[in-house]
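Below, read A as the first sequence line, B as the second, and so on, with proteins coming before strands; counting in each chain starts at 1. Side chains included, hydrogens not; waters and symmetry mates left out as well; all remaining heavy atoms used.
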There are 2 protein chains.
Amino acid sequence: MTEKPKLEDVAKLAGVSPTTVSRVLNNRGAISDKTRQRVNEAIEQLNYHPNEIARSLFVSKTHFIGLIFPTTGHPFYGEIVFHIENILSEKNYKVLICNTMDQADKETKYLNMLLANQVDGMIVGAHNVGIDTYQRAHLPIVAIDRKVSDTITVISSDNYQGGRIAAEELLRQGRTKTIHINSAPQHEAPSSYQRRKGYEDVLAEHGLPFKTYTVELPFDTETKQQMLSSILDEHPDLDGMFLSDDITAAIALSMVRNRKKDIFIIGYDGTETVTTCLPELTTVVQPIRAMAQLAVDLLLKEINNDFTDIKKNYMLPVKLRRGEQL
Amino acid sequence: MTEKPKLEDVAKLAGVSPTTVSRVLNNRGAISDKTRQRVNEAIEQLNYHPNEIARSLFVSKTHFIGLIFPTTGHPFYGEIVFHIENILSEKNYKVLICNTMDQADKETKYLNMLLANQVDGMIVGAHNVGIDTYQRAHLPIVAIDRKVSDTITVISSDNYQGGRIAAEELLRQGRTKTIHINSAPQHEAPSSYQRRKGYEDVLAEHGLPFKTYTVELPFDTETKQQMLSSILDEHPDLDGMFLSDDITAAIALSMVRNRKKDIFIIGYDGTETVTTCLPELTTVVQPIRAMAQLAVDLLLKEINNDFTDIKKNYMLPVKLRRGEQL
DNA sequence: ATGAAAGCGCTAACAA
DNA sequence: TTGTTAGCGCTTTCAT
């Protein structure tokens with residue numbers, strides 16, 4: 001027997017019907033100890049492993065969850081994907097991972113792929129397709145950090161507070177000529193808007209000037225460098241910057257050091273990786289693990305048709321992490 | 001019709017048999033333009049999407065690939081997972097992601113889960129279960145950076161050269177009292193051994209002293225800090241360190257800066273993230289994208305039963321990236 | 001406590 | 001060119 005054994009083979013070897021084997025496997029119905037034992041022996045002997053795909057087809061539940069994110073190569077997404085998968089696997093769900101690289105066509109393709117593979121639900125952290133595209137899925141979906149929708153649950157960190165906290169810290173550091181660089185994904189990510197609003201509100205309240213650059217941030221470092229470089233050229237008297245994520249902040253930090261400028265930099269995200277690599281960076285920390293936990297909790301509630309206490313919009317608190325002095 | 005439409009529904013609406021619909025979907029056999037059109041209209045009208053799970057069951061091929069790695073939260077793994085998924089999705093394969101967190105029991109559980117879900121193959125970058133555990137799977141498997149095996153293809157970067165390159169750079173920087181900290185995963189990862197050997201050989205060739213610490217590196221920063229701290233205490237005259245990965249190197253770098261020591265640090269991996277965050281770090285760069293590409297190429301060859309030109313062991317070249325001056 | 005039969009949604013012989 | 005039939009590996013009524 002070199003072929004993969006199936007349930008029927010086990011049944012034959014144990015001298016029982018397939019039904020009985022199935023019952024043993026799933027602990028259902030009443031089975032005599034004798035038969036249970038014989039079945040288990042046969043399973044052992046054949047090194048039998050049930051085919052989950054066949055099972056999924058029958059019960060029309062796969063226990064697959066689709067994750068759509070820009071790229072696990074970015075620390076924020078790499079970490080949140082890790083936490084989500086980790087929490088889901090505890091609950092016996094399996095994760096299909098999709099990296100859209102911010103390309104709308106990929107996102108659409110992935111969405112269809114996940115539907116075709118009968119995922120029980122999805123968690124989406126990518127931003128290039130209108131959220132209405134997802135509504136058509138008629139599936140439990142939780143989104144992270146995107147436009148609020150009537151039908152899809154959205155989780156985000158408190159971006160407005162994040163913007164305020166950053167601006168307040170710049171003031172506390174005595175910086176008065178600051179700018180904010182704001183990466184706006186194609187489809188109106190509310191996170192960017194809220195962060196910007198928070199930052200601008202604080203400065204306005206203090207009667208200070210501010211300038212916000214809204215740019216489409218590419219993933220590659222070089223383009224970011226050029227962009228930051230020309231912004232620095234335009235503002236020779238700049239003394240503070242609030243960047244939309246830590247990686248961009250890291251680039252700005254090196255650049256400012258190279259130019260020997262005294263510009264105070266604040267980032268956003270506060271991932272483990274960046275915190276470890278750049279302990280001197282001040283940043284607004286998102287509660288990544290809590291966001292992952294909440295996303296999973298809400299998704300599983302929806303999957304189990306428990307819609308009690310499910311709001312459409314969740315906001316988790318952020319906090320400032322001050323960089324360590326060098 | 002609020003239920004998900006199936007192939008049969010399409011057939012009925014189009015007034016043809018299920019077979020015909022299947023043929024249209026898969027572009028197989030000869031179909032008249034008229035029927036093809038009618039079928040396509042019915043598909044459109046019902047917003048029908050084929051059930052891949054049912055299809056998988058029938059053809060006993062899922063196009064699922066399992067990825068077993070320590071954690072996508074670590075930049076090296078996050079990036080390699082990204083590349084692997086990216087390349088695989090181009091070939092219409094789907095990726096199930098598993099984060100073992102270096103726990104053997106999780107790794108075993110994931111392995112069984114992947115087998116139960118009928119993956120067509122696996123790429124493994126985790127290190128806590130003996131490789132023989134995988135042999136039993138009787139499945140195409142490619143391993144990254146682990147013990148060479150007779151039966152499983154292993155890809156690694158040239159760790160011995162990596163060790164040599166690092167040691168040579170330390171010498172070039174005029175460092176003569178150096179140590180190497182070597183994170184040895186539980187089950188004899190050859191990568192650690194080879195890097196160490198390369199480092200030690202070079203120093204021995206120059207008649208220089210060296211010291212290698214082989215420690216089980218935990219994931220958390222604090223424990224690493226404590227460990228590094230006591231090593232630094234033991235060696236007040238140290239002037240060079242070669243760390244087994246960039247994150248640990250980053251921690252060492254901050255620590256050395258805090259202590260105002262002149263210790264030259266060399267890391268290992270050269271991920272985009274760390275390169276961006278710490279451009280001043282000198283490191284041995286692994287060809288991450290090339291490793292991902294090769295892993296996928298070999299895996300798909302094995303899946304397609306093409307074993308020509310498949311060796312059991314592949315080594316890709318590393319290079320030194322010198323940190324930028326601050 | 002156990003088994004026979006039907007079927008989850010799809011595809012591939014084999015016929016016509 | 002199209003349809004009929006059987007079956008991928010499993011589970012679940014419904015009998016007994």
### Task
May I ask you to verify whether the side chain of A/Thr19 and the base of C/dA4 hold a donor-acceptor pair under 3.5 Å?
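Answer is yes: a donor-acceptor pair is held.
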### Query
With no hydrogens and no angle check, do the side chains of B/Ser22 and B/Thr19 hold a donor and an acceptor under 3.5 Å apart?
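No, no side-chain donor-acceptor contact under 3.5 Å.
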### Message
What I want to check is whether the side chains of A/Gln118 and A/Ser60 have a donor and an acceptor closer together than 3.5 Å.
### Response
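No, no side-chain donor-acceptor pair sits under 3.5 Å.
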### Message
If you take the centroid of each ring, where Trp contributes its six-membered ring, are B/Phe69 and B/Tyr110 closer together than 6.0 Å?
### Response
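Between B/Tyr110 and B/Phe69, the centre distance exceeds or equals 6.0 Å.
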Should [X] be listed as having a side-chain N or O under 4.0 Å from OP1 or OP2 of [N]?
X: A/Ser60; N: C/dG9; result: no
X: B/Asn51; N: C/dC8; result: no
X: B/Tyr48; N: C/dC10; result: yes
X: A/Thr20; N: C/dT2; result: no

### Message
Students often get this wrong, so: under 4.0 angstrom with heavy atoms, is B/Thr35 touching a base, only sugar-phosphate, or nothing?
### Response
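Since only primed, P, OP1 and OP2 atoms lie under 4.0 Å of B/Thr35, the category is sugar-phosphate.
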### Query
Across the strands shown, which category fits B/Arg28 at heavy-atom distances under 4.0 angstrom: base, sugar-phosphate, nothing?
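Touches sugar-phosphate only.
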### Query
If you draw a 6.0 Å radius around NZ in A/Lys301, do more than 12 non-hydrogen atoms from other residues or ligands fall strictly inside?
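Yes - once you tally the heavy atoms of other residues, nucleotides and ligands closer than 6.0 Å, there are more than 12.
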Please state how far atom [atom1] in [X] lies from atom [atom2] in [N], giving the value in whole angstrom units.
X: B/Leu7; N: D/dT5; atom1: CG; atom2: P; result: 17 Å
X: B/Lys6; N: C/dT11; atom1: NZ; atom2: C1'; result: 15 Å
X: B/Arg36; N: D/dT1; atom1: CZ; atom2: P; result: 10 Å
X: A/Ile31; N: C/dG3; atom1: CD1; atom2: P; result: 9 Å
X: B/Asn27; N: C/dT11; atom1: CG; atom2: C1'; result: 15 Å
X: B/Asp9; N: C/dC8; atom1: CG; atom2: P; result: 11 Å
X: B/Arg23; N: D/dT1; atom1: CZ; atom2: P; result: 10 Å
X: A/Glu8; N: D/dC10; atom1: CD; atom2: P; result: 9 Å

### Closest-nucleotide ordering on DNA chain D, the 5'-leading residue of B/Phe58 and B/Ala30
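Looking at the nearest nucleotide for each, B/Ala30 comes out on the 5' side.
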### Task
Let me know, please, whether A/Val59 or A/Ala54 comes out on the 5' side of the other along DNA chain D by nearest nucleotide.
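Per heavy-atom nearest nucleotide, the more 5' residue is A/Ala54.
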### Task
Can you measure from CD1 (A/Ile155) to CD1 (A/Ile144) and round to the nearest 0.5 angstrom?
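Rounded to the nearest 0.5 Å, the CD1-CD1 separation comes out at 5.5 Å.
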### Message
Side chain of B/Pro50, heavy atoms from C-beta onward: which of C/dG9, C/dC10, D/dG3 has the nearest atom to it?
### Response
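The listed nucleotide nearest to B/Pro50's side chain is C/dC10.
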